[in-house]
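This report refers to the structure that appears directly beneath it.
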2 protein chains.
Amino acid sequence: MEKQTITIYDVAREAGVSMATVSRVVNGNPNVKPETRKKVDDVIAKLDYHPNAVARGLASKRSTTIGVILPDVTNAFFASLARGIDDVAAMYKYNIIMENSDESIDRKLEVLENLLAKQVDGVIYMGNSIDDRLRDAFKNTKTPIVFAGSVDDKKAMPSVSIDYKEAVKNSISKLIETGNKKVAFVSGSIEEPVNGKYRLAGYKAALKDNKIKFDESLVFETARSYDAGIKIASEIASSKATAAYVSDDGIAAGVLNGLTDLGVKIPEDFEIISSNNTDITKMVRPQLSSVVQPMYDIGAVAMRLLTKLMNGEDVDERNIALPFEMVFRQSTKD
Amino acid sequence: MEKQTITIYDVAREAGVSMATVSRVVNGNPNVKPETRKKVDDVIAKLDYHPNAVARGLASKRSTTIGVILPDVTNAFFASLARGIDDVAAMYKYNIIMENSDESIDRKLEVLENLLAKQVDGVIYMGNSIDDRLRDAFKNTKTPIVFAGSVDDKKAMPSVSIDYKEAVKNSISKLIETGNKKVAFVSGSIEEPVNGKYRLAGYKAALKDNKIKFDESLVFETARSYDAGIKIASEIASSKATAAYVSDDGIAAGVLNGLTDLGVKIPEDFEIISSNNTDITKMVRPQLSSVVQPMYDIGAVAMRLLTKLMNGEDVDERNIALPFEMVFRQSTKD
DNA sequence: CTGTTAGCGCATTCAT
DNA sequence: ATGAATGCGCTAACAG
């Protein structure tokens with residue numbers, strides 16, 4: 001016995017109305033007499049009819065699904081954003097097609113193509129890196145796209161994030177204030193605008209404010225993982241730096257533990273400020289001081305922005321910077 | 001200028017062939033003369049034609065997307081499974097529609113309905129809880145469903161996981177071996193079969209093997225989060241237990257830190273074994289001993305199983321138990 | 001190897 | 001308030 005899919009046509013016949021009417025009640029169109037609506041609803045229940053979203057998508061040209069491109073769900077930062085996105089998406093009856101892109105541009109392009117082929121109504125991009133090919137691809141589609149947790153360095157795309165430059169500048173200034181002369185900047189790929197452009201600019205700005213000369217050897221680039229943090233700890237230790245700003249909590253935890261294992265006392269000998277305030281910052285000992293990004297909110301607001309764009313609504317602010325805070329725990333003095 | 005979507009028909013006309021032929025080259029059907037294939041490919045490139053997956057889905061009755069239902073991406077365990085799923089899905093050209101269900105059964109039902117309406121070709125379920133309504137819903141659809149990282153307590157659904165009972169039994173036995181008379185069992189909701197049925201059974205089995213009487217007051221049920229772990233630590237401390245098996249790394253980290261803050265020395269005064277061996281276990285100090293679940297593999301194998309089911313292939317083993325290991329770090333003696 | 005013909009299940013004019 | 005007709009873009013027999 002094959003799955004006898006029952007269609008809008010079946011209910012129409014059974015209810016003695018036209019399929020147009022059934023379509024109307026299913027879509028909540030008010031132009032239906034209450035009694036016919038009830039009749040149709042009854043048949044729908046009786047036949048256990050379920051609208052086919054694919055057919056609906058083809059006919060209406062709206063898929064009610066949005067694509068999400070992120071480097072890796074496994075990273076707490078991206079997962080939190082995704083959670084925010086998913087929650088407001090659900091609120092607006094959208095579904096999420098999620099794609100892990102890793103760091104490869106080719107993969108990102110492939111993934112975008114995929115999403116577009118599926119006729120997603122919009123996409124949210126959390127990849128941090130972006131090159132010209134990808135930018136062109138974004139530009140060549142009419143499908144709305146918003147960046148979440150990162151900013152296009154050309155500001156061409158709508159985005160929701162925090163002011164990364166300012167956040168880092170604050171962090172570094174704080175570190176300098178407590179007496180550190182040599183502060184390290186530890187981040188994921190410098191190729192990514194968030195790191196190479198905004199965060200690094202904040203770092204340099206703070207140095208300048210404090211009349212400290214920028215020292216290239218204090219900039220550490222690494223993979224975005226706990227193990228990578230552990231690994232780079234010894235390099236940092238031998239750099240003579242006495243403090244560091246780190247762009248990712250996983251990396252920061254690695255640096256913290258790596259340094260500690262090397263006999264470096266945190267925060268007495270070395271101070272650390274991390275970036276995302278995920279649970280990780282509270283799990284490690286000493287607990288990490290951190291920038292507080294409203295991750296969930298970034299995702300939620302990005303999704304909200306996207307709904308507006310998809311509806312063709314005017315949005316006055318296409319590049320939204322949410323407020324951030326700082327929390328000082330045990331990895332900083334004072 | 002509206003986005004003039006160009007269709008298979010445009011390509012056909014421009015290339016001087018029928019749409020059937022275009023469809024063939026797009027789908028890699030071998031029955032096309034190389035030269036016509038080339039001609040068509042050229043036109044496709046020239047017109048920048050992109051197949052519409054929705055239309056394709058409607059016509060072929062296959063959406064090449066699979067639905068994933070998980071409690072919360074934000075949990076490292078589920079995120080890791082999701083990663084495994086996504087990677088092999090990509091390998092087989094499937095896309096993932098991800099839905100966070102939290103713990104609510106109603107939400108799960110709603111989410112499943114959604115997925116089915118979108119005509120997903122299969123679904124992977126990682127929710128741990130399952131009640132009769134949900135079981136019925138699963139049973140009433142022809143869409144293949146596989147459980148990942150959890151087992152249907154009635155074994156009615158295909159699943160991929162580890163032998164949770166055995167894993168816990170090993171853990172508890174080890175704890176008893178090192179001299180602990182009172183070992184606590186700390187887990188997420190006991191309502192979930194993984195916890196209430198399998199894990200708890202392993203706990204009891206180990207007690208029985210060692211002729212220790214089961215003590216209800218040593219069973220702690222809590223939310224699945226770091227903060228919840230912190231909170232329950234004091235209760236555990238006053239229970240006189242000297243060791244604990246914990247079902248989630250986040251909870252375990254909370255218990256560990258909570259206990260430590262209470263002045264309890266780990267592992268001297270209290271031993272802990274956790275369950276998922278996520279990075280968390282290595283970030284905390286002392287590092288957590290843990291069951292090692294091949295999380296990524298569970299996801300990957302589950303997805304692979306699903307592809308077989310979707311192809312109607314025979315599978316001899318519908319309930320797969322992947323091997324697990326134990327890693328002993330600093331939260332256990334010896 | 002290639003073209004013709006039907007739908008897939010639904011939303012949407014346009015009439016009535 | 002309701003029905004009839006059309007087509008969304010593509011796959012899948014079936015011919016030839």
Side-chain angles (χ1 to χ4, degrees), chain A residues 2-41 43-44 47-65 93 114 116-121 142, chain B residues 2-41 43-44 47-65 93 116-121 142-143:
Chain A
E2 255 315 295
K3 182 172 76 174
Q4 179 61 56
T5 54
I6 87 125
T7 76
I8 200 171
Y9 184 73
D10 298 315
V11 278
R13 188 164 25 69
E14 186 75 13
V17 299
S18 75
M19 48 186 290
T21 299
V22 177
S23 176
R24 286 188 187 102
V25 343
V26 167
N27 291 297
N29 184 317
N31 285 19
V32 180
K33 210 192 313 175
E35 31 182 323
T36 46
R37 176 183 301 281
K38 165 135 181 42
K39 190 169 56 181
V40 172
D41 277 333
V43 174
I44 287 179
L47 263 42
D48 192 32
Y49 163 72
H50 294 271
N52 179 324
V54 174
R56 191 189 296 215
L58 184 57
S60 69
K61 304 202 160 220
R62 300 186 58 248
S63 63
T64 64
T65 107
K93 304 295 179 196
N114 251 277
L116 262 19
K118 294 252 155 128
Q119 311 301 115
V120 294
D121 298 332
K142 294 263 310 185
Chain B
E2 255 315 295
K3 183 172 74 172
Q4 180 60 57
T5 54
I6 86 123
T7 76
I8 200 172
Y9 184 73
D10 298 318
V11 179
R13 189 165 24 70
E14 185 76 13
V17 299
S18 75
M19 47 188 293
T21 299
V22 177
S23 176
R24 287 188 186 100
V25 344
V26 167
N27 292 296
N29 184 316
N31 285 15
V32 181
K33 209 194 310 176
E35 32 183 323
T36 47
R37 175 184 300 282
K38 163 130 181 46
K39 189 169 55 181
V40 172
D41 276 334
V43 174
I44 286 179
L47 262 41
D48 192 31
Y49 164 71
H50 294 270
N52 180 325
V54 174
R56 190 186 295 208
L58 184 56
S60 69
K61 302 196 161 225
R62 301 184 58 246
S63 63
T64 64
T65 107
K93 305 295 180 197
L116 262 19
K118 294 252 156 124
Q119 312 301 115
V120 295
D121 297 331
K142 294 262 311 183
T143 307

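In what follows, every chain begins at residue 1, and chains take the letters A, B, ... in the order their sequences are listed.
Near DNA chain C, defined here as any heavy-atom distance below 4.0 Å, the residues from residues 17-35 of chain A are Met19(A), Ala20(A), Ser23(A), Asn27(A), listed numerically. A heavy atom closer than 4.0 Å to some atom of DNA chain D occurs in Leu58(A), Ala59(A), Lys61(A), these being the qualifying members of residues 47-65 of chain A.
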Verdict with reasoning, Arg56(B) to Val26(B), per side-chain contact (heavy atoms from CB on, under 4.5 Å): CA-CA 11 Å; Arg56(B) 190 186 295 208; Val26(B) 167; 3.6 Å; yes
Does the side-chain contact (heavy atoms from CB on, under 4.5 Å) test come out yes or no for Asp48(B) and Ile6(B), once each step is laid out? CA-CA 8 Å; Asp48(B) 192 31; Ile6(B) 86 123; over 6 Å; no
Discussion item. I'd like to know whether Gln119(B) forms a side-chain contact (heavy atoms from CB on, under 4.5 Å) with Thr5(A), so could you lay out the CA-CA distance, the side-chain angles of the two residues, the decisive distance to 0.1 Å, and finally the verdict.
Written reply: CA-CA 11 Å; Gln119(B) 312 301 115; Thr5(A) 54; 5.9 Å; no
Q) Do Thr64(A) and Lys118(B) pass the side-chain contact (heavy atoms from CB on, under 4.5 Å) test, and can you show the C-alpha distance, the side-chain angles, and the key distance before you say yes or no? A) CA-CA 10 Å; Thr64(A) 64; Lys118(B) 294 252 156 124; 3.3 Å; yes
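Residue pairs meeting the side chain to side chain donor-acceptor pair (under 3.5 Å) criterion with at least one partner in residues 28-37 of chain B, sequence neighbours excluded, do not occur; the list is empty.
For Ala117(A) against Pro51(B), the heavy-atom pair with the smallest separation is CB-O, 3.7 Å. In plain terms, the two heavy atoms of Val54(A) and Gly57(B) that are nearest each other are CG1-C, 4.1 Å. Between Thr7(A) and Asp10(A) the shortest heavy-atom distance is N-OD2, 2.7 Å. Across all non-hydrogen atoms, the minimal contact from Met19(A) to Ala12(A) is N-CB, 3.6 Å. Annotation for Tyr49(B) and Ile8(B): closest pair CE1-N, 3.6 Å, computed over non-hydrogen atoms. Considering all non-hydrogen atoms of both residues, Leu58(A) and Ala55(B) come closest at CD1-CB, 3.7 Å.
For Lys38(A), the salt bridge (Lys or Arg N to Asp or Glu O under 4.0 Å) criterion is met by Asp42(A), not counting sequence neighbours.
Along DNA chain C, the stretch of nucleotides lying under 4.0 Å from any heavy atom of chain A spans, 5' to 3', dG9(C) to dT12(C).
The C1' atoms of five pairs define one axis at each end of the helix from dC1(C)-dG16(D) to dT16(C)-dA1(D), and these two axes lie 30° apart (to 10°).
Counting only heavy atoms from C-beta outward, the side chains of Val25(A) and Val17(A) never approach each other to under 4.5 Å.
Remark: C1' of dC10(D) and CD of Gln119(A) are 11 Å apart, rounded to the nearest angstrom. Taking atom CD1 of Ile8(B) as the reference point, atom C1' of dG7(D) lies 16 Å away to the nearest angstrom.
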